[in-house]
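All values reported here derive from a predicted model rather than from experimental measurement.
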Amino acid sequence: MAGSNKFSLASRHQLAKGNKFMFAISDDNAMMKQITATHDPDDRDVDTRSLLHLVENILKRATLAADPMGSHELESLEKTDTNQAGFTTMLEALSYTIDRISSEISYKALEGIDPHATSLAIFNMLANYQWDAKLVLTLAAFAMNYGEFWLLAQIHSQNQLAKAMAIFKQLPGILEHSTALKPKFDALKDLVTAILEVTWCIIDLKELPSEYISQEVPAMSTAVAHIPTAVYWTIRSIVTCATQTTSLTSMGYELALSTSTESWELSTLAHKLKNIHDHLKKQLVLCHQYIEEKRDIESFQMLVRLFEMTHLDNMKVLKALIYAKDDLQPIVDGSTGQRVNLDVLKRRNVLLLISDLNISHDELSILDQLYNESRAQGMQVESQFEVVWIPIVDHSIKWDDLMQKRFEYLRSIMPWHIVHHPTLISKAVARFIREVWQFRNKPILVVLDPQGKVVSPNAIHMMWIWGSLAFPFTSLKEEALWREETWRPELLVDGIDPAVLNWIKEEKYVFLYGGDDIEWIRKFTITAKMVAQAARIPLEMVYVGKSSKRERVRQIITTITTDKLGYCWSDLTMIWFFWTRIESMLFSKIQLGKADDRDPLMQEIKKLLSYDKEGGWAVLSKGSTVIVNGHSTTVLPTLVNFDSWKQQAADEGFDVAFKNHHDELQGITHPCCRFEFPHTTGRIPENFKCPECDRHMEKLTTFLCCHDEKLDE
């Protein structure tokens with residue numbers, strides 16, 4: 001009969017609690033006025049992070065023990081050295097407060113006091129603590145009892161003292177019915193997890209660096225305004241959890257099995273805390289983004305200042321660009337595959353090859369050839385240089401397996417030094433490279449002297465044009481090389497094709513020609529051969545393709561070869577390098593600020609690039625002298641009209657006659673001049689003069705797709 005009365009009283013007690021809970025959860029504003037009125041913090045400081053690590057260690061293990069169906073091991077959660085003197089001293093100072101809170105919760109739980117009233121009593125007790133300290137101290141008080149409960153549950157079968165204490169707390173009966181009580185244990189575990197998540201979020205918000213963020217920032221002010229409510233509902237949830245475990249040991253498992261109100265209350269609170277956590281987490285993420293942006297700006301400005309300063313060596317600059325700490329080896333030696341320190345680059349001329357992961361096989365193939373040639377030439381020690389690949393990726397795109405495979409492939413074929421992983425390059429460095437060094441995804445080669453000073457913002461044009469002859473790859477060297485250059489076929493062909501260079505040495509007439517109109521090519525080659533035979537001159541021709549439309553060029557090469565129309569470069573890498581060098585000549589002049597100089601050499605380069613965009617073209621030379629650089633609309637008619645100038649050719653020479661007649665036609669026919677500067681180029685001139693008429697050209701925006709440009713594997 002007594003047991004029946006106890007059960008009846010307990011049932012009425014739980015029903016009253018449920019009604020109060022339903023009322024309280026809908027009346028936040030009134031309750032929060034009471035809670036905030038208790039808040040009167042002083043300057044006392046609590047290491048809440050260290051204390052929470054210890055509390056989490058207890059709760060995580062206890063929560064897992066509460067699941068009798070689970071058998072997996074929990075990895076170590078000890079993230080704080082609890083043997084540190086400071087931590088021990090703090091615990092000694094806080095132990096009285098923690099015990100008081102624990103006693104308050106236990107007493108009021110046994111008395112059936114409303115959870116709000118218990119929570120309010122705790123807030124009054126902790127009036128002088130900051131919000132995060134109130135929460136962690138309350139959680140520590142709960143962890144003591146909660147941990148003891150589940151510790152006894154785990155060891156009572158192996159330890160006689162624990163067994164006796166477990167009997168006092170009615171644990172054998174509870175564990176015997178653990179399967180039936182599993183929904184309650186699950187609800188309790190979920191709520192404890194939600195409590196920890198909210199608590200960590202509040203601590204993370206509190207520890208945000210004040211030098212980078214203040215409450216004037218909307219995300220921070222929103223979070224701070226919400227913290228009192230979050231702390232209240234989390235402490236109230238702690239009180240509810242404590243009440244549930246206390247009721248199990250004081251009233252027995254029969255009560256827990258007889259009603260679902262408690263599980264409903266736990267689940268409702270867990271849902272509320274989840275919403276609170278999601279809101280705080282969202283603000284925390286925004287705060288971290290704001291701080292990261294501020295730090296990135298600071299790091300960016302530091303980089304700008306660093307490159308304005310004079311240094312004894314290049315170490316400070318390289319560490320700022322690649323990796324500043326000494327805890328790992330940040331670069332890989334491509335020749336050995338071994339990771340090395342930045343010291344291997346100390347006081348060396350360093351060429352920073354900067355690109356994204358889409359750097360082409362053509363580019364790498366030629367760079368590899370030039371790099372190995374420079375090593376094979378046995379350059380003097382004082383003039384040697386090192387190359388380092390700095391891969392730049394979009395930090396807003398999640399790194400995935402495809403990107404990793406692409407990076408590993410590129411790394412495997414590079415003989416020079418490579419940054420160990422793209423993620424080592426910070427956002428600030430990527431921004432500096434894009435904004436200051438004008439990187440736009442097309443590879444650039446920034447040159448640092450042994451003191452870390454930038455001596456060329458992009459030496460890749462020099463590298464393409466002159467190879468290692470351009471060492472030490474400074475802008476001064478670039479200007480000096482240009483002063484020595486003249487408009488000659490050797491400049492166009494360089495070492496791409498020894499056969500063409502032999503023709504030049506033999507003083508033969510040579511037609512370099514290109515375009516993507518196979519009918520024009522057919523007429524041009526047939527007519528040129530007929531004219532050469534009629535004029536009795538030694539003529540060679542070579543098809544050098546087009547700067548774009550790779551697949552179309554491949555088809556034309558096949559046709560020229562099959563139909564025996566003449567000699568052509570079947571290796572598309574040779575064609576790519578030819579046009580890359582021609583374009584580099586223009587970009588080199590643009591970089592030097594001399595693209596519009598009335599330099600005859602530059603005017604011819606401009607014409608050639610323009611003709612490539614506007615149909616076919618041909619350059620006729622004899623030996624090292626260029627006779628004509630003409631468009632398809634003037635070169636072919638000149639050949640077709642050979643009969644009208646063949647007498648002049650016999651009298652004055654084929655070269656003179658051809659040029660005179662071509663120039664007459666050119667004076668009548670004026671094809672449009674056109675230049676395309678991809679946005680990936682970097683340094684694009686604001687104005688540009690026409691190489692034909694010297695007027696300022698009209699500036700347009702073009703969208704282009706050639707369909708056949710594929711990423712090289």
Is there a donor-acceptor contact under 3.5 Å from the side chain of R347 to the main chain of D313? no
Looking only at heavy atoms, the pair that brings N629 and K607 closest together is ND2-CB, 3.7 Å
I want to know whether F407 and W389 have ring centres closer than 6.0 Å. yes
Under 3.5 Å, is there a donor-acceptor pair between the side chain of T486 and the main chain of R488? no
Look at the rings of F432 and F307 and say which category their plane angle falls in: under 30° parallel, 30 to 60° tilted, over 60° perpendicular. parallel
Does NZ or CZ of K546 lie under 6.0 Å from the centre of the six-membered ring of W579, at an angle within 45° of the ring axis? no
Indicate yes or no for a side-chain donor-acceptor contact from H395 to the backbone of I425 under 3.5 Å, with no hydrogens or angles considered. yes
F300 ring centre to R431 NZ or CZ under 6.0 Å, with the angle to the axis within 45°? yes
Under 3.5 Å: donor-acceptor pair, side chain of S412, backbone of Y409: yes
Would you check if the distance from the ring center of Y323 to the ring center of H420 is below 6.0 Å? no
Consider only side-chain N and O atoms of E478 and S588, and report whether a donor and an acceptor are under 3.5 Å apart. yes
Are the side chain of N458 and the backbone N or O of L445 linked by a donor-acceptor pair below 3.5 Å? yes
Is the NZ or CZ atom of R348 both under 6.0 Å from the centre of the six-membered ring of F385 and within 45° of that ring's axis? no
Less than 6.0 Å separating the ring centroids of W576 and H361? no
Using atom types as modelled and distance alone, determine if a side-chain donor or acceptor of D333 lies under 3.5 Å from a backbone N or O of G337. no
Can we say K427 and E292 salt-bridge, meaning some charged N sits less than 4.0 Å from an Asp/Glu carboxylate O? yes
Between K325 and D327, is there a salt bridge with N-O shorter than 4.0 Å? no
Short side-chain donor-acceptor distance under 3.5 Å, W399 and T423: no
Check whether any side-chain N or O of D368 sits under 3.5 Å from a backbone N or O of L364 as a donor-acceptor pair, and report yes or no. no
Basic-acidic side-chain contact under 4.0 Å: D326, K319: yes
Under a 3.5 Å distance rule, please check whether T222 uses its side chain to pair with a backbone N or O of P218 as donor and acceptor. yes
Ion pair present between K405 and D400, side-chain N to carboxylate O less than 4.0 angstrom? no
Would you say the side-chain atoms of R339 pair up with the backbone N or O of I331, donor to acceptor, closer than 3.5 Å? no
Ring centre gap for W200 and H277 strictly below 6.0 Å: no
Please check: side-chain N/O of R581 versus main-chain N/O of L491, any donor-acceptor pairing under 3.5 Å? yes
